[in-house]
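Just below is one structure, and these are the notes that go with it.
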Amino acid sequence: MRRWWSTLFPLSKPCWFCSTPIRSLPFACIWKQICFTCQEHFMRINGSVCQKCGRPMVEEENPACLDCSQIDSSTFTPNRSVVLYQGQAKKIIQIFKYRGQERLAVPLGRWMAEVCFQYYRSVPFSLITYVPLHENRLKQRGFNQAELLAQVMGRQLRLPVQKLLIRRRETSSQSQRSRKERLQALQHAFILNEEFDSTWLSRQCVLLVDDVYTTGSTLRECVKPLSEIGVKQVYTITFAR
Amino acid sequence: MEMFVYQVIESNQLYLSLCIEVDRVYWRKRGADIAILFSTSSIGEAYSWIQNRKDQYIMNGKKPVALSKYHQLFLSWSSLEQEAEKLFNLLQGRALLWSELISFLHKKNIINIKLTLLPILQLLYLENRMEIKPGVTCNDVIYRWTCHRCMSDRKYLRMTDCATCGKQCSMCEQCIWLGRSRTCTPFFLFAPSSIKKEKLISVKPLSLTAAQQKVCEQILSFTQSEEKQFLLWAVTGAGKTEMMVPVIAQIRSEGKKICWVTPRKDVVHELQPRIKRIFPQERVLALYGGSSDLWMEGDIVIATAHQLWRYFQAFDLIIVDEVDAFPLYQNIALEKGIERALSTGGKMILLTATPPRQWLEWSRSGKLPSATLSARYHGHPLPVPKLIQERRLWDKIENRKPITPFNHFIKQVITYQGQALIFVPEIRRVKQVLEWIRENGHGHLAMAGVYSQMSNREEVIRRFRNVELDCLVTTTILERGVTVPKCFVMVLGADNLLFDQAALIQMAGRVGRSSTYPYGEVWFLATERTEGQLQAKKQITYLNRLAKKEGFIRKEAYYQ
């Protein structure tokens with residue numbers, strides 16, 4: 001009996017990250033489509049944030065946090081993130097990136113799109129791009145996690161996704177380095193994709209997507225070639241920080 | 001990875017190749033020449049090319065792909081054969097993906113093989129000691145798509161763009177925890193070893209009860225028979241592990257390998273030292289996700305069901321514990337995995353305390369040979385659950401209002417100095433129940449909650465086992481495989497859909513497992529009576545009656 005019963009009255013969609021059945025509406029925000037325990041283990045970034053890097057802040061007097069005020073303000077690109085890179089978020093990113101559970105791009109991307117809408121509501125984006133992987137790494141992993149996220153976001157925000165950047169050098173994994181090494185290692189690692197016309201490009205308002213923000217050096221390096229040809233507005237968004 | 005499909009000239013047979021130089025030498029030694037028909041970057045494509053071949057494509061009129069240069073082999077032929085022999089001895093009876101094979105070699109400290117690995121594998125393939133398949137086939141109509149690794153169907157397969165082979169690939173989401181299986185990943189099935197050395201097995205002497213003895217004899221005669229499967233219906237706490245010892249000893253003395261499959265990691269943890277103590281000279285492995293024994297060689301392997309996807313006809317006896325439990329029951333992929341790990345002519349023993357109705361019918365009609373053990377090893381009857389109704393149970397718990405029966409239960413646990421195991425249907429209830437107990441005058445008790453996603457779950461369970469906790473609130477994860485001598489069980493919300501007859505019987509079976517502590521009780525507290533509760537009670541009383549009839553029950557005045 002159970003069989004036809006469950007065909008007639010299917011269970012509601014389970015939590016996106018574990019398979020716990022929950023009650024949710026199909027068009028609810030991602031946060032409401034996550035089960036109770038997962039919610040508990042995600043540290044959402046809410047409230048006041050650093051105006052530059054999107055780090056959660058306690059006091060509201062300073063617009064920028066301590067790290068950001070050290071960096072030259074000419075290379076200023078605003079960044080926002082969805083959650084802190086701790087607990088469940090760390091686990092989920094690992095499953096997504098290293099285990100290769102590509103399905104997870106959907107909730108993560110949608111969640112990022114929601115956050116993007118929340119913070120960057122007034123920004124007139126015209127296209128989305130992502131942090132590229134080196135060819136060898138891409139071949140080894142089989143997919144680019146930032147690209148998948150960007151594609152989901154593009155679908156959600158109705159924006160085209162383009163590969164504007166190319167990674168020129170193969171760098172060893174960022175996650176195994178100290179802060180200082182990270183900041184240096186990536187110098188001039190990215191170049192512009194030559195398929196795109198630079199005068200056309202300079203008129204665009206670009207949203208740059210990545211999965212994790214730690215020191216922000218990867219994103220800053222990605223922005224460099226874009227700002228060199230005169231792209232005025234580049235905003236970045238990451239899932240975790 | 002570049003793959004080739006070639007044909008041996010003057011024969012109709014097509015072959016796959018990972019390293020075409022080996023094939024050339026191999027066939028030249030046999031006086032034949034080869035013609036390459038097809039080359040690709042994805043094994044899936046090559047495999048389906050062979051599967052869908054039409055005879056007119058082959059050679060007649062079709063120009064073979066010209067290969068500009070052949071590489072030189074790094075090894076002489078004889079040393080290649082030696083290396084292949086060495087590697088094959090390590091890999092016998094395994095089923096591995098490319099990535100697993102690499103980590104296997106890494107674990108065994110065989111690192112310098114990188115350059116010669118492909119020629120060796122190719123030689124094993126040519127000698128028919130290994131089969132190559134793609135991880136997933138997805139060339140055919142969609143309902144025929146399968147993952148060769150876990151044998152799941154299209155439900156778990158997902159088509160994605162693959163940067164590795166530059167094509168559209170299908171990946172399997174069911175077995176992703178063991179490494180990603182996809183269309184362009186080769187999957188190797190190594191033939192099992194055929195040499196079996198007979199040897200003397202030393203077993204720690206055990207004392208079995210008359211009832212256990214009887215079942216053991218039935219099982220031993222089953223291993224001599226033609227039948228493939230055997231169902232053992234033994235009540236919770238009947239001493240299933242001990243009953244398996246004679247059959248394990250016999251199979252091991254023939255030099256054959258044994259696997260004990262359980263659905264849960266916690267049970268593997270508990271079982272491995274016990275088996276090791278009984279068979280001190282055997283290599284007993286514990287395999288589960290994240291186990292340190294991974295890729296080791298063992299004679300008796302205790303594993304979670306998923307690990308059996310990594311074996312190919314390796315075991316002559318597979319004991320499947322708790323067959324009716326999640327995730328094993330009605331999971332076709334796991335079932336097929338177990339089947340694949342069983343050697344031809346191997347035997348399977350299914351252990352359960354709560355067989356599904358269908359199986360009982362099969363056993364009655366003689367389709368499935370079986371034995372029933374209705375008494376526990378100490379001869380006490382099973383504790384019969386008390387069914388109690390309480391209106392608006394969860395409202396009361398949320399608002400921390402008194403619930404008389406629950407309070408009474410906890411008081412009873414305190415008087416008999418027992419430990420309370422409280423089952424709840426949902427994770428979020430764990431906290432609520434803990435707070436209820438605290439607010440209702442039992443704050444002095446040492447309590448904890450446990451559920452599947454908790455990071456320190458093993459630590460909490462260990463503390464409960466060591467009697468550091470008086471009260472443990474848990475979801476169904478502790479329904480099986482936990483033995484605490486002074487246990488009292490309370491099932492809150494026993495009318496939940498999740499708690500069917502089998503689950504309730506299992507939970508009731510946690511009580512009274514020690515012969516020295518006869519006070520344990522089982523209470524089902526629910527808003528309504530459900531079929532599950534009534535059936536559970538009915539089956540427990542039936543088993544007690546059966547045991548009494550067969551004369552295995554010693555003491556009667558055990559429960560009210």
Side-chain angles (χ1 to χ4, degrees), chain A residues 1-3 5-6 9 11-12 14-23 34-42 86-88 90-92 94-106 130 132-148 150-152 161 163 167, chain B residues 1 41-42 97-99 102 135-136 155-185 289-290 326-327 330 356 425-432 449-455 457 475-476 496-498 500 531-532:
Chain A
M1 192 192 91
R2 277 214 172 150
R3 207 160 183 192
W5 184 267
S6 57
F9 305 101
L11 288 174
S12 59
C15 166
W16 278 107
F17 301 113
C18 57
S19 47
T20 318
I22 45 157
R23 255 176 246 161
I34 300 177
C35 74
F36 208 66
T37 16
C38 286
Q39 278 187 2
E40 229 169 49
H41 292 101
F42 272 120
Q86 283 164 12
Q88 183 82 347
K90 209 168 187 166
K91 222 166 86 190
I92 291 292
Q94 256 159 20
I95 293 169
F96 174 47
K97 217 164 135 177
Y98 302 117
R99 290 254 173 219
Q101 184 67 282
E102 292 174 43
R103 180 171 58 107
L104 287 174
V106 179
Y130 48 86
L133 283 181
H134 190 264
E135 221 172 289
N136 294 355
R137 178 65 57 78
L138 186 65
K139 220 168 189 179
Q140 187 193 343
R141 193 174 287 165
F143 65 99
N144 178 354
Q145 73 281 358
E147 185 184 350
L148 293 182
Q151 273 162 0
V152 175
V161 179
K163 188 181 180 181
R167 206 181 197 118
Chain B
M1 195 184 301
S41 60
S42 159
L97 283 178
W98 175 254
S99 57
I102 298 294
V136 179
K155 208 169 130 197
Y156 294 98
L157 298 180
R158 191 186 175 80
M159 195 66 130
T160 52
D161 290 325
C162 175
T164 313
C165 65
K167 297 182 178 98
Q168 282 250 313
C169 259
S170 194
M171 62 174 265
C172 177
E173 288 187 343
Q174 166 131 314
C175 57
I176 199 164
W177 299 100
L178 302 178
R180 214 150 75 123
S181 161
R182 45 189 322 156
T183 313
C184 62
T185 322
F326 175 84
Q330 292 193 330
E426 291 160 48
I427 292 175
R428 67 193 171 109
R429 301 292 185 199
V430 173
K431 260 191 189 158
Q432 290 171 357
V450 68
Y451 48 87
S452 55
Q453 287 155 25
M454 225 164 94
S455 50
R457 147 188 169 188
T475 57
T476 45
N496 194 292
L497 274 179
L498 222 86
D500 55 357
E531 194 64 18

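Reminder, nothing fancy here: chain letters follow the sequence lines and each chain counts from 1.
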- Item | Proximity breakdown for B:Ile176 and chain A, heavy-atom pairs closer than 4.5 Å | both

- Out of B:Arg428, B:Lys431, B:Glu426, which residue meets the side chain to side chain contact (heavy atoms under 4.5 Å, CB included) rule with A:Phe36? B:Arg428

- Task: Taking all non-hydrogen atoms of both residues into account, name the closest pair between B:Thr164 and A:Gly142 and its distance.
- Result: OG1-CA, 3.2 Å

- So, the part of A:Ile95 with a heavy atom under 4.5 Å from chain B: the answer is side chain

- Message: Less than 4.5 Å to any heavy atom of chain B: does that hold for the side chain of A:Arg103, its backbone, both, or neither?
- Response: both

- Rounded distance (nearest 0.5 Å) linking atom CG of B:Asp161 with atom CG of A:Asn144: 12.0 Å

- Where do A:Arg99 and B:Trp177 come nearest, in terms of heavy atoms and distance? NH1-O, 2.8 Å

- Cut-off 4.5 Å, heavy atoms of chain A, and the answer for B:Met454 is neither

- Task: Report the distance from atom NE2 of A:His41 to atom OG of B:Ser455, rounding to the nearest 0.5 Å.
- Result: 6.5 Å

- Message: Using 0.5 Å steps for rounding, measure from the CD atom of B:Glu173 to the CD atom of A:Gln101.
- Response: 4.5 Å

- Query: Is the number of heavy atoms from other residues, nucleotides or ligands under 6.0 Å of A:Lys97 NZ greater than 12?
  - Reply: yes

- Where does A:Glu40 contact chain B at under 4.5 Å (heavy atoms): side chain, backbone, both or neither? side chain

- Message: Within this structure, what is the SG-CD1 distance for the pair A:Cys38 and B:Ile427, rounded to the nearest 0.5 Å?
- Response: 8.5 Å

